[in-house]
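So you know, we letter chains A, B, ... as the sequences are listed, proteins then strands, and number each from 1.
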Amino acid sequence: NVEPRSVPVFPWHSLVPFLAPTQSD
Amino acid sequence: APSAPPPPPGAVLPPSLPPYFVKGSIIQLADGELKRVEDLKTEDFIQSAEISNDLKIDSSTVERIEGSHTSPNFAVVQFSVGEHRAQVSVEVLVEYPFFVFGQGWSSCCPDRTTQILELPCTKLSVGDVCISLTLKNLK
C-alpha cells in the first residue's frame, strides 16, 4: 500500500514579499 | 519546533527562494478556494485582502532596480508604497517573483524564474505597480 502524500497548501498572503510600513497618525 | 514544508519533489531552490513560487504550488485564498500559483489573478489578492481581518492591499510602485553589492545573483528593488509613498527597499534573488497589478508575476530576471520555478513571468520594470500588504489599523 502506498500512503497518499499530503500536498502542501500555502496561504495567499505568503506570496507577498513584505509588509508595507504602517502609517501612524 | 515546526518547520517549513519541504519543496515539491525535484525542486532545487536557491536559499531565500520560497517553495510556494514553484509552478503547481497550491495556494489557499482567504475564502478557502485553492488555486495554483500560476493561475492567480489580481482579483484573488484583492478579494482575499477584503475578507482578511488584519491585512489590506497596498500598491507599491517600482522606483529603482539595481544590482546588489552583495552578489550578482541578487538585486535591490526600491518601492514607493501606498498613498504616503513610503520608501521600501528589498534585496532579493533576481528570479524572485513579484505580482504586478493587472499583469501577473514579474521578476528582475524572468528567464531564470521560468528556468528555476517554471513560473510564467515577465520582466519587472521601473513604474510597475506591485501588490503589497499592509496592516489594517486596529482600534
K.L.:
Cluster question for you: counting only ILVMFWY and a side-chain heavy-atom cut-off of under 4.5 Å, with indirect links fine, are B:Ile116 and B:Leu93 together?
P.N.:
yes
K.L.:
Could you check A:Trp12 against B:Leu40 for side-chain contact (heavy atoms from CB on, under 4.5 Å), going step by step and ending with a plain yes or no?
P.N.:
CA-CA 9 Å; A:Trp12 67 276; B:Leu40 291 173; over 6 Å; no
K.L.:
Could you list all the side-chain hydrogen bond (donor to acceptor under 3.5 Å, both in side chains) pairs where at least one residue sits in residues 29-41 of chain B, not counting sequence neighbours?
P.N.:
B:Lys35-B:Asp44
K.L.:
Test of understanding: clusters of I, L, V, M, F, W, Y form through side-chain heavy atoms closer than 4.5 Å, transitively. Do B:Val90 and B:Tyr96 belong to the same one?
P.N.:
yes
K.L.:
Residue by residue, which of residues 120-129 of chain B have a heavy atom closer than 4.5 Å to a heavy atom belonging to chain A?
P.N.:
none
K.L.:
If hydrophobic clusters are built from ILVMFWY residues whose side chains come within less than 4.5 Å, do A:Val7 and B:Tyr20 share one?
P.N.:
no
K.L.:
I'd like to know whether A:Phe10 forms a side-chain contact (heavy atoms from CB on, under 4.5 Å) with B:Val37, so could you lay out the CA-CA distance, the side-chain angles of the two residues, the decisive distance to 0.1 Å, and finally the verdict.
P.N.:
CA-CA 9 Å; A:Phe10 303 99; B:Val37 63; over 6 Å; no
K.L.:
Would you name the heavy atoms of B:Ile27 and A:Leu15 that are closest together and state the gap between them?
P.N.:
CG2-CD1, 3.8 Å
K.L.:
Heavy atoms, side chains only, cut-off 4.5 Å: are B:Phe45 and A:Val16 in contact?
P.N.:
yes
K.L.:
Spell out, yes or no, whether B:Leu133 and B:Ile46 are grouped together once hydrophobic residues are joined by side-chain heavy atoms under 4.5 Å, including indirect joins.
P.N.:
yes
K.L.:
Do you reckon B:Val94 sits in the same ILVMFWY cluster as B:Trp105, going by side-chain contacts under 4.5 Å, direct or chained?
P.N.:
no
K.L.:
Rounded to the nearest 0.5 Å, how far does NE2 of A:His13 lie from CD1 of B:Ile131?
P.N.:
14.5 Å
K.L.:
Relative to chain B, which segment of A:Val9 carries a heavy atom at a distance below 4.5 Å: side chain, backbone, both, or neither?
P.N.:
both
